[in-house]
2 protein chains.
Amino acid sequence: MWFTPMKAYVYVSLKKSVLDPQGKTIQGALKKMGFKGLEEVRQGKYFELTLDGGLTRAEAESEVARIARDVLTNPVIEEFRFSLED
Amino acid sequence: MWFTPMKAYVYVSLKKSVLDPQGKTIQGALKKMGFKGLEEVRQGKYFELTLDGGLTRAEAESEVARIARDVLTNPVIEEFRFSLED
């Protein structure tokens with residue numbers, strides 16, 4: 001067993017079927033500023049978790065999935081994906 | 001020249017030297033809920049840009065870098081990274 005910290009990245013975004021007014025606003029602002037070729041902008045949240053390394057990779061994976069699903073995401077309107085590093 | 005839409009992902013996070021009270025709050029909540037082994041939580045923003053495909057890859061890259069640097073990031077306290085997907 002090793003104890004190097006492990007990083008996990010969780011990305012939470014609105015489901016495709018949910019309107020994203022914040023993204024739309026950014027898109028409108030960018031267009032006014034002269035940026036071209038933007039079809040859509042959507043905004044989400046991003047979490048960087050540092051785990052203390054007392055977990056195996058499989059344990060870390062299930063812990064992070066549980067945190068993402070139960071705490072960081074509102075399952076009614078949001079979806080998540082995550083990745084582990086190290 | 002091709003016109004398939006291209007996706008770009010921009011990740012904006014607080015610089016390491018900047019305190020992240022929102023992340024600390026989430027970390028505290030997770031600890032209270034019984035999640036173990038969490039050393040740090042930091043929250044950032046995440047943007048999904050859809051480009052209309054009228055740009056070459058190199059053009060898209062410089063356009064996205066410019067948007068990320070000039071509009072989506074506050075350079076005083078934040079840093080960004082981005083990736084392009086076809």
Side-chain angles (χ1 to χ4, degrees), chain A residues 1 3-16 20 22-23 25-56 59-60 62-73 78-83, chain B residues 1 3-16 20 22-23 25-56 59-60 62-73 78-83:
Chain A
M1 191 169 263
F3 285 90
T4 39
M6 214 184 284
K7 288 239 177 182
Y9 302 97
V10 180
Y11 309 100
V12 177
S13 52
L14 288 169
K15 287 181 183 172
K16 280 281 159 280
D20 178 6
Q22 197 173 8
T25 304
I26 297 168
Q27 187 182 354
L30 288 170
K31 201 177 169 183
K32 264 193 212 138
M33 292 171 76
F35 290 99
K36 289 198 174 66
L38 269 178
E39 219 164 67
E40 200 183 12
V41 178
R42 290 182 77 85
Q43 174 162 12
K45 288 174 288 182
Y46 153 69
F47 301 91
E48 210 180 291
L49 311 177
T50 309
L51 306 165
D52 70 6
L55 304 168
T56 66
E59 285 169 349
S62 79
E63 185 84 345
V64 171
R66 218 152 56 91
I67 290 174
R69 197 181 48 236
D70 297 350
V71 185
L72 303 179
T73 305
E78 292 171 333
E79 58 192 8
F80 70 91
R81 61 193 170 81
F82 69 92
S83 64
Chain B
M1 194 169 259
F3 285 90
T4 39
M6 214 186 283
K7 289 241 176 180
Y9 302 98
V10 180
Y11 309 101
V12 177
S13 51
L14 288 169
K15 286 181 183 173
K16 281 278 158 283
D20 179 5
Q22 197 173 6
T25 303
I26 297 168
Q27 187 182 355
L30 288 169
K31 200 176 170 184
K32 263 192 214 139
M33 291 171 75
F35 290 99
K36 291 197 173 65
L38 269 177
E39 219 164 64
E40 199 184 11
V41 178
R42 291 182 78 85
Q43 176 162 10
K45 289 174 288 184
Y46 153 67
F47 301 91
E48 211 179 292
L49 310 177
T50 309
L51 306 166
D52 69 6
L55 304 168
T56 65
E59 284 169 349
S62 79
E63 186 85 343
V64 171
R66 218 152 56 93
I67 290 174
R69 197 183 46 236
D70 296 350
V71 185
L72 303 179
T73 306
E78 292 172 332
E79 58 193 8
F80 70 91
R81 61 192 170 84
F82 70 93
S83 64

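We name chains A, B, ... by the order of the sequence lines, and we start the count at 1 in each one.
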Exercise. Does CD in B:Gln22 sit with more than 12 non-hydrogen atoms of other residues, nucleotides or ligands closer than 6.0 Å?
Worked result: no
Exercise. Under 4.5 Å, heavy atom to heavy atom, which residues of residues 33-43 of chain A contact chain B?
Worked result: A:Met33, A:Phe35, A:Lys36, A:Gly37, A:Leu38, A:Glu39, A:Glu40, A:Val41, A:Arg42, A:Gln43
Exercise. In terms of heavy-atom proximity below 4.5 Å to chain A, should B:Leu30 be classed as side chain, backbone, both, or neither?
Worked result: side chain
Exercise. Looking at B:Ile67, B:Leu49, B:Leu72, which makes the most heavy-atom pairs under 4.5 Å with chain A?
Worked result: B:Ile67
Exercise. Roughly how far, to the nearest 0.5 Å, is CZ of A:Phe47 from CD of B:Gln27?
Worked result: 13.0 Å
For this session: Decide if atom NZ of B:Lys31 counts as having more than 12 heavy atoms of other residues, nucleotides or ligands within a radius under 6.0 Å.
Result: no
Exercise. With a 4.0 Å cut-off, would you call A:Glu48 and B:Lys16 a salt bridge?
Worked result: yes
Problem set entry | Among the listed options A:Val71, A:Asp20, A:Asp70, the residue most often paired with chain B at heavy-atom distances under 4.5 Å | A:Val71
Exercise. Under a 4.5 Å heavy-atom cut-off, does chain B meet the side chain of A:Tyr11, its backbone, both or neither?
Worked result: side chain
For this session: Below 4.5 Å from any heavy atom of chain A, which atoms of B:Val12 appear? Answer side chain, backbone, both or neither.
Result: backbone
